[in-house]
Number of protein chains: 2
Amino acid sequence: MAVQTEPVRRTPLTRDRVLRAAVAFADGIGIEALSMRKLAKELGVVPMALYKHVANKEQLLDGMVDVVMSEIAPPAPGSDWKGAVRHRILSARRALLGHPWAAQVIQTRSSPTPVVLAYMDSVIGMFRTGGFSVDLTHHVMHALGGRMMGLTQELFDAPPSPGPQAQPVTPTEGAGDYPYVRELAGAVVHDEASVVGQGCDDQFEFEFALDLLLDGFERLRQQGWSSAGRSGPARP
Amino acid sequence: MAVQTEPVRRTPLTRDRVLRAAVAFADGIGIEALSMRKLAKELGVVPMALYKHVANKEQLLDGMVDVVMSEIAPPAPGSDWKGAVRHRILSARRALLGHPWAAQVIQTRSSPTPVVLAYMDSVIGMFRTGGFSVDLTHHVMHALGGRMMGLTQELFDAPPSPGPQAQPVTPTEGAGDYPYVRELAGAVVHDEASVVGQGCDDQFEFEFALDLLLDGFERLRQQGWSSAGRSGPARP
DNA sequence: TTGACGAGTGTACGTCGTACACCTACCGTG
DNA sequence: CACGGTAGGTGTACGACGTACACTCGTCAA
């Protein structure tokens, strides 16, 4: 009989195993359903066992973010600053898209982990070596904000919530008395029906906004913009 | 003796009173400390009494967002589209700043309340009457994202968390081995020390990013940009 | 007078995060 | 081989939390 790896002895927990299990579990059941107790059960262990590897739930969430961050591709060598930044950010976005809970969790962290700091550092570095002053880089990073990590600054997943509950009243439901919202929603649906599920192409929207910002950054860089005058990007 | 308003009879609860109390309470103790039970105690009432006026905690949060939204100034009449949008968004931001919890709560709502929809409708209307096509307005709204409501797409409140816990090691703590982060942080602190508390002027950063976007929108509008070509804002 | 109704109450359940004391299998050292 | 420290896993317990459900009680129309 097998002497090694006797099944009665579970493979021991590690911080890494806990974090990966948490990520997979959240991918499956959603972040709001993730609890220390359920995660422990998933790992075949008593809840308190987890606390030998993470200090508390907040640190668990921090670690989960780090796992997602580790999926971001390393910086592409060479090329212009815009291409480099664009490539990195789109890679970050791809990592996030695989974990629908990640965006929300990232936004509720109160301070960055070293992994996140390292990522920010590398993005800042791209601007600096691309010819941006410290001053401009600073403002540019603020302007990028969460988009730097691939977060879409969306307000809601679906505009009027087509939830499972019955919604009576008129067939113009949802957009109700909001003519402009309805106009937009209608146009999106009818437009080009190539996009599969929902009415609009999130990837396109993300790149649209990203390129709009990057183009704006480039313009400011070229004209040697500085915040000394303190009057926003429109300054000639 | 006073016959009316005998103090033994509390002024009755209403949905409005519950929501306003919740907003004030969250302003005071923070959103994560707000619970149905504590809110009930604050109102001198048993926890279950709240459920006669709000369906559950999610609806309470929805209602709290609506209260904040109601503080946004109505649209300014006349003027160009950019001034109108800018004014409205900065007003929204002012409303949010009075309630530090609001940004986080808004971002965890799964669908917009009618009040939020109405606000979005009015912003969309400004673009449309300002000469933006339905198509461009759609993408522009995505690009604005949460910034439309005054949300700053910031990743963290304070970069390296100067928490109350003692942090030994080198005096270059925080920025540790992140040279570009340190460069930025150092420059911000030394720059113009006019800004009071923290190292940088959030209002300036918000307007910087907002104007960058609005200017980009204007450029696209002027050149009659359309998503038919599907290649982002940089298209000539 | 009555009886329906809406606001507020009381009790209870299941879930959560986690403090604290405990066991126990393993290891390097004597 | 004996031994004692230690890291990892356990068991019990506590004080939150949201909220279902059955109730009381004051008010007001019929």
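Reminder, nothing fancy here: chain letters follow the sequence lines and each chain counts from 1.
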- Closest non-hydrogen atom pair, A:Glu154 against B:Gly145: OE2-CA, 4.5 Å
- Atom-to-atom span, CD of A:Glu32 to P of C:dC16 - whole angstrom: 12 Å
- Query: Counting side-chain heavy atoms from C-beta on, which of D:dC17, D:dG9, C:dT9 comes nearest to B:Val46?
  - Reply: C:dT9
- Message: Classify A:Met48 by what it touches in the nucleic acid, base, sugar-phosphate, or nothing, heavy-atom distance under 4.0 Å.
- Response: base
- Query: Which residues pass the side chain to side chain donor-acceptor pair (under 3.5 Å) test with B:Thr152, sequence neighbours left out?
  - Reply: B:Arg93
- Want to settle it: does A:Leu50 or B:Met36 sit nearer the 5' end of DNA chain D, counting the closest nucleotide to each? A:Leu50
- Item | Whichever of A:Arg37 and A:Lys52 has its nearest DNA chain C nucleotide further upstream toward 5' | A:Arg37
- Message: Check this one for me: any side-chain N or O of B:Lys38 less than 4.0 Å away from OP1 or OP2 of D:dA16?
- Response: no
- Counting just side-chain N and O atoms, does A:His53 come under 4.0 Å of either OP1 or OP2 of D:dG9? yes
- Rounded distance in Å - OH (A:Tyr51) to C1' (D:dA13): 14 Å
- Choose from C:dG8, D:dG8, C:dT18 the nucleotide whose nearest atom is closest to any side-chain atom of A:Pro47. C:dT18
- Name the closest nucleotide to the A:Ala49 side chain, picking from D:dT10, C:dC16, C:dG8. D:dT10
- Closest to the A:Val45 side chain, choosing from C:dT9, D:dT10, C:dT18: D:dT10
- Item | Rounded interatomic separation in angstrom, taking CD from A:Glu58 and P from C:dT18 | 8 Å
- Query: In whole Å, what is the span from the NZ atom of B:Lys41 to the C1' atom of D:dG15?
  - Reply: 12 Å
- Message: I need the minimum non-hydrogen distance between A:Ala92 and A:Gly150, along with the two atoms involved.
- Response: CB-N, 4.3 Å
- Task: Rounded off to whole Å, could you give me the CZ-to-P distance for the B:Arg17 and C:dG8 pair?
- Result: 9 Å
- Within this structure, what is the CG-to-P distance between A:Leu43 and D:dG8, rounded to whole angstrom? 15 Å
- Message: If I take atom CD1 in residue A:Ile29 and atom C1' in nucleotide C:dT15, what distance separates them, rounded to the nearest angstrom?
- Response: 14 Å
- When rounded to whole Å, the CD to C1' distance for the pair B:Gln59 and D:dT19 reads 14 Å
- Aromatic rings A:Phe204 and B:His139: how do their planes relate, parallel, tilted or perpendicular, breaks at 30° and 60°? perpendicular
- Item | Polar side chain donor-acceptor pair, A:Gln107 to B:Gln153, under 3.5 angstrom | yes
